[in-house]
Structure formats: structure tokens, C-alpha cells
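Working notes, beginning with the structure itself.
The chains referred to below are lettered A, B, ... by the order of the sequence lines, with proteins before strands, and numbering in each begins at 1.
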2 protein chains.
Amino acid sequence: MADSAKPVSKRDSRREAAVAVEETQAVQLGELSDLLGYVLKRAQLKVFEDFLRCVAPLQLTPAQFSVLLLLDANPGRNQTEIANTLGILRPNFVSLLDSLESRELCTRVRSANDRRSHILMLTEKGKGVLARAKKLVVSKHEARLNELLGPDGREALLAMLTKIAEEF
Amino acid sequence: MADSAKPVSKRDSRREAAVAVEETQAVQLGELSDLLGYVLKRAQLKVFEDFLRCVAPLQLTPAQFSVLLLLDANPGRNQTEIANTLGILRPNFVSLLDSLESRELCTRVRSANDRRSHILMLTEKGKGVLARAKKLVVSKHEARLNELLGPDGREALLAMLTKIAEEF
DNA sequence: CCGTGTTTGGTATGGTGGATAACAATTATC
DNA sequence: GATAATTGTTATCCACCATACCAAACACGG
């Protein structure tokens with residue numbers, strides 16, 4: 001019992017730990033590394049983080065980018081339709097749109113047919129920003145994923161995730 | 001111009017749209033379906049949703065389950081260590097632990113070596129709940145994923161996500 | 001032994017996303 | 001024309017994340 005009294009310095013006792021292996025060793029993930037949900041969320045956070053970095057010059061979040069993409073591909077739709085396809089609840093979609101509109105990236109236009117609904121359209125500035133954002137996403141963000149997984153790996157990953165998103 | 005005045009019923013005019021295809025047709029996802037981040041998040045939400053369903057009898061969230069798993073695999077660790085490995089900030093980890101401790105699933109024990117830190121341990125009840133949760137996760141949650149992707153598909157998915165989570 | 005700096009758990013607080021209730025204006029339905 | 005449904009919106013609430021700060025306890029250099 002040479003070191004029963006001495007509390008054993010907690011910082012740098014990775015010398016010859018006499019009694020037991022109990023020092024600054026990594027926490028074991030254990031079965032957590034096999035939990036698909038856990039790894040899935042971790043990966044998602046990383047991907048979003050990188051997305052934000054890559055598209056930072058344009059100050060666009062993933063959600064904002066997805067709205068611009070949808071407006072470009074679906075001109076003439078109203079807020080409810082766009083929000084629904086993105087899985088965003090209408091009340092929460094309002095402020096999102098407010099920010100985009102205040103930056104003059106899109107506009108709400110009262111529909112002539114149904115004066116309740118707002119037709120959403122990209123402005124010219126919005127189209128420009130979207131085009132530049134697309135280039136950044138493809139050339140930086142997705143390119144890095146391609147580099148990490150390989151083109152076919154990325155394809156396979158996308159296919160499986162799509163399957164989960166749609167059929168699970 | 002037979003229907004220029006009539007506003008064309010918005011609900012069920014999926015008959016013969018005379019003028020243009022402008023009715024209740026699905027919003028096009030467009031390039032969004034190729035955005036890995038988008039599909040990744042969608043899939044993650046679905047998986048978490050299913051996790052909650054499967055483990056609902058035990059009232060455990062993914063985060064709570066991951067804590068129990070880590071405590072089981074790493075007895076004798078303190079809050080900072082557990083929180084760090086889960087990517088949870090210490091302040092936010094407090095209430096999480098509070099809820100687990102109030103349900104008597106784990107306990108905080110003052111360390112004898114370092115009276116600042118709290119050693120975290122599963123209670124017997126906690127071990128029981130964890131064991132039952134594991135069974136539910138494996139037999140219901142992960143089983144469903146296996147069914148959807150196939151065992152090798154699941155393995156491949158897990159491998160790619162792990163790569164992203166660690167190396168991206 | 002003592003003073004300085006660091007670590008640990010904790011509180012307070014702000015920001016963001018998601019979810020529900022309710023409402024006025026408008027439209028659909030019968 | 002009365003009733004029900006829809007659209008955008010506000011107000012709230014809750015969960016999660018992030019930062020600043022604090023007291024207690026520890027580490028370390030003199």
C-alpha cells in the first residue's frame with residue numbers, strides 16, 4: 001500500500017499505474033456506436049455544420065436554402081404548400097419567410113384566385129443568391145462528402161437515407 | 001375561355017384541367033432530394049420518432065437512453081466525462097441527470113478522491129430499465145431498420161455514417 | 001504553507017426550433 | 001345565406017443548445 005494515502009495526481013499519472021487502470025483513458029462508447037440513431041444524429045450535425053461553413057459567405061441556413069430551392073422549383077405556390085413539403089408548421093414558417101423577404105430574396109404576393117393565400121416567388125436577387133449558394137454547396141460541401149465516401153458510396157448512402165425518410 | 005370567370009374549385013378539380021396543369025399536384029422536391037444534408041435530417045427525424053415509439057413503455061428519450069448506456073459501459077465516471085463524450089454541454093447535462101436521478105435510474109456520488117466531482121452510477125432499477133430498453137430497441141427499433149435495409153445494408157449505412165461523424 | 005489558476009457542478013439566461021391554440025379574413029359547401 | 005373549412009398570423013409553451021458566471025474544491029509554483 002505505497003499509495004493508499006497519496007490521492008494520486010489526477011492530471012498526469014499515466015506512468016506506471018500500480019493498482020488499476022483507472023486514469024485518463026477514453027470513455028467507452030460501447031453499444032452506442034452500433035445504435036443507428038445515435039450515429040445518424042452525430043453525422044447529421046457534422047453535415048449541417050459543414051453546410052453552414054461552406055455557405056457562410058451567403059449567410060444561409062440549411063432551412064433557408066431548402067426554401068429557396070423549393071421556390072425555384074415550384075413557382076406560384078403558397079406558404080402552406082411550401083411549408084408542408086418541408087415539414088415545417090405554418091406558424092413557424094412565417095418568421096422564416098419574414099427573414100428571407102426582409103433580405104429581398106423572395107416575396108409574398110396576394111393570390112388573385114384566393115385572396116387568403118400568398119403566392120411565393122423568388123426575387124432576382126433571390127435567384128442570384130440561390131445560384132451562388134448552389135455552386136458553393138456543390139463545389140465545397142457535397143464535394144467533400146464525395147471525397148470522403150466516394151461517388152458510389154455517396155449514392156448508396158443517399159439511397160438508404162431516402163428509403164428511411166420515405167418508408168420508415 | 002369556358003372557365004375564365006369560374007375560379008375553378010380548388011379542392012377537387014383533378015378532372016380535365018383545360019387550360020394548364022395547375023391544380024392539386026405535388027410540390028416538386030427538385031434538387032432537394034439530392035441534398036444529402038436534407039435527406040439525412042429527414043431520416044434522422046424518422047429514426048428518432050420510431051425510437052420513441054418503440055421505447056415508449058419505458059419513457060426514455062434517445063438522449064436518456066444514451067446516458068444509461070454510457071453509465072453502464074463506464075462505471076465510475078463523472079458528469080463532465082459523460083457529458084463530453086455525448087457532446088452535451090455540462091450546464092445542459094445537469095437537468096438531464098436530474099430527471100434520471102429523480103426517477104432513481106442513476107445516482108450522483110461524491111468522489112472520495114476529488115470532492116468536486118460526482119461519480120455517476122446506475123441504480124439497480126436503472127440497470128433493469130436499461131436492460132428492458134435494450135431489448136425493445138433491438139427487437140423492435142433496430143429490427144425494423146434491418147427489415148428495411150437488410151443486415152448488410154444496415155452495416156454499410158452505419159459504417160458510412162460513422163465515417164462522416166468521425167472524419168468529416 | 002500560501003496565493004494563483006484551474007476544474008467541477010451548478011445557476012441564470014438567451015437563442016432557436018418545434019408544437020398547439022386561437023383569430024380575422026376569406027373561401028367552400030349546402 | 002348560414003355554416004364549415006382554409007390561409008396566414010400571433011401568442012405561447014417546451015425542448016435543446018450555448019454562453020457567462022459562481023462557489024467549492026483541487027493543482028501548482030513559490
Problem - Thr80(A) side chain near dG8(D) phosphate (N/O to OP1/OP2, under 4.0 Å) - result: yes
Exercise for the section: Give the rounded distance in Å between these two atoms: CD1 of Ile82(B) and P of dG9(C). Expected result: 10 Å
What does the list of N/O pairs under 3.5 Å between the protein and nucleotides 20-25 of chain D look like, with a distance for each?
none

Handout entry: Separation of dT13(C) P from Asn92(B) CG (nearest whole Å)
Key = 16 Å
Practice task
Apply side-chain hydrogen bond (donor to acceptor under 3.5 Å, both in side chains) to Glu101(B) and list each qualifying residue two or more places apart in sequence or on a separate chain.
Solution key: Arg108(B)
Handout entry: Integer-rounded Å distance: dG17(C) P and Arg90(A) CZ
Key = 18 Å
Problem - Minimum heavy-atom distance between Ser111(B) and Ile119(B), given as atom pair plus value - result: CB-CG1, 3.7 Å
Practice task
Taking all heavy atoms of Glu167(A) and all of Arg144(B), pick out the closest pair and write down the distance.
Solution key: O-NH2, 4.5 Å
Exercise for the section: Check each residue of residues 35-47 of chain B for a non-hydrogen atom within less than 4.0 Å of any atom in DNA chain C, then write out the ones that pass by number, or none. Expected result: Lys41(B)
Problem - salt bridge (charged side-chain N to carboxylate O under 4.0 Å, His left out) between Glu124(B) and Lys127(B), worked out - result: CA-CA 5 Å; Glu124(B) 288 307 313; Lys127(B) 290 177 187 174; 3.5 Å; yes
Problem - Distance in angstrom units between Asn78(B) CG and dG10(C) C1', rounded - result: 14 Å
Problem - Which residue lies more 5' along DNA chain C, comparing Ala112(A) with Leu97(B) via nearest heavy atoms - result: Leu97(B)
Handout entry: Shortest non-hydrogen contact from Cys106(B) toward Leu71(B)
Key = CB-CD1, 3.8 Å
Practice task
Specify the separation, in whole Å, of atom CZ of Phe93(B) and atom C1' of dT8(C).
Solution key: 13 Å
Problem - Interatomic distance, Leu89(A) CG vs dT16(C) P [rounded to whole Å] - result: 19 Å
Practice task
Return each pair, listed once, that meets side-chain hydrogen bond (donor to acceptor under 3.5 Å, both in side chains) where at least one residue sits in residues 35-49 of chain B; pairs must be two or more places apart or across chains.
Solution key: Tyr38(B)-Arg42(B)
Completion exercise
Here the side-chain hydrogen bond (donor to acceptor under 3.5 Å, both in side chains) pairs for residues 65-76 of chain A, sequence neighbours left out, are none
Handout entry: Nearest-Å distance for atom pair CG/P, residues Leu86(B) and dA18(D)
Key = 14 Å
Exercise for the section: With the side chain counted from C-beta on, respond yes when Ser117(A) and Gln79(A) share a heavy-atom pair under 4.5 Å apart, and no when they do not. Expected result: no
Handout entry: ring-ring contact (aromatic ring centres under 6.0 Å, His included): pairs with one or both residues in residues 51-74 of chain B, sequence neighbours excluded
Key = Phe51(B)-Phe65(B), Phe51(B)-His141(B)
Problem - Upstream residue (5' side of DNA chain D) when Val94(A) and Ser117(A) are each assigned their closest nucleotide - result: Ser117(A)
Fill in the blank from the handout: Rounded to whole Å, the CG-C1' distance (Asn84(A) to dT7(D)) equals 11 Å
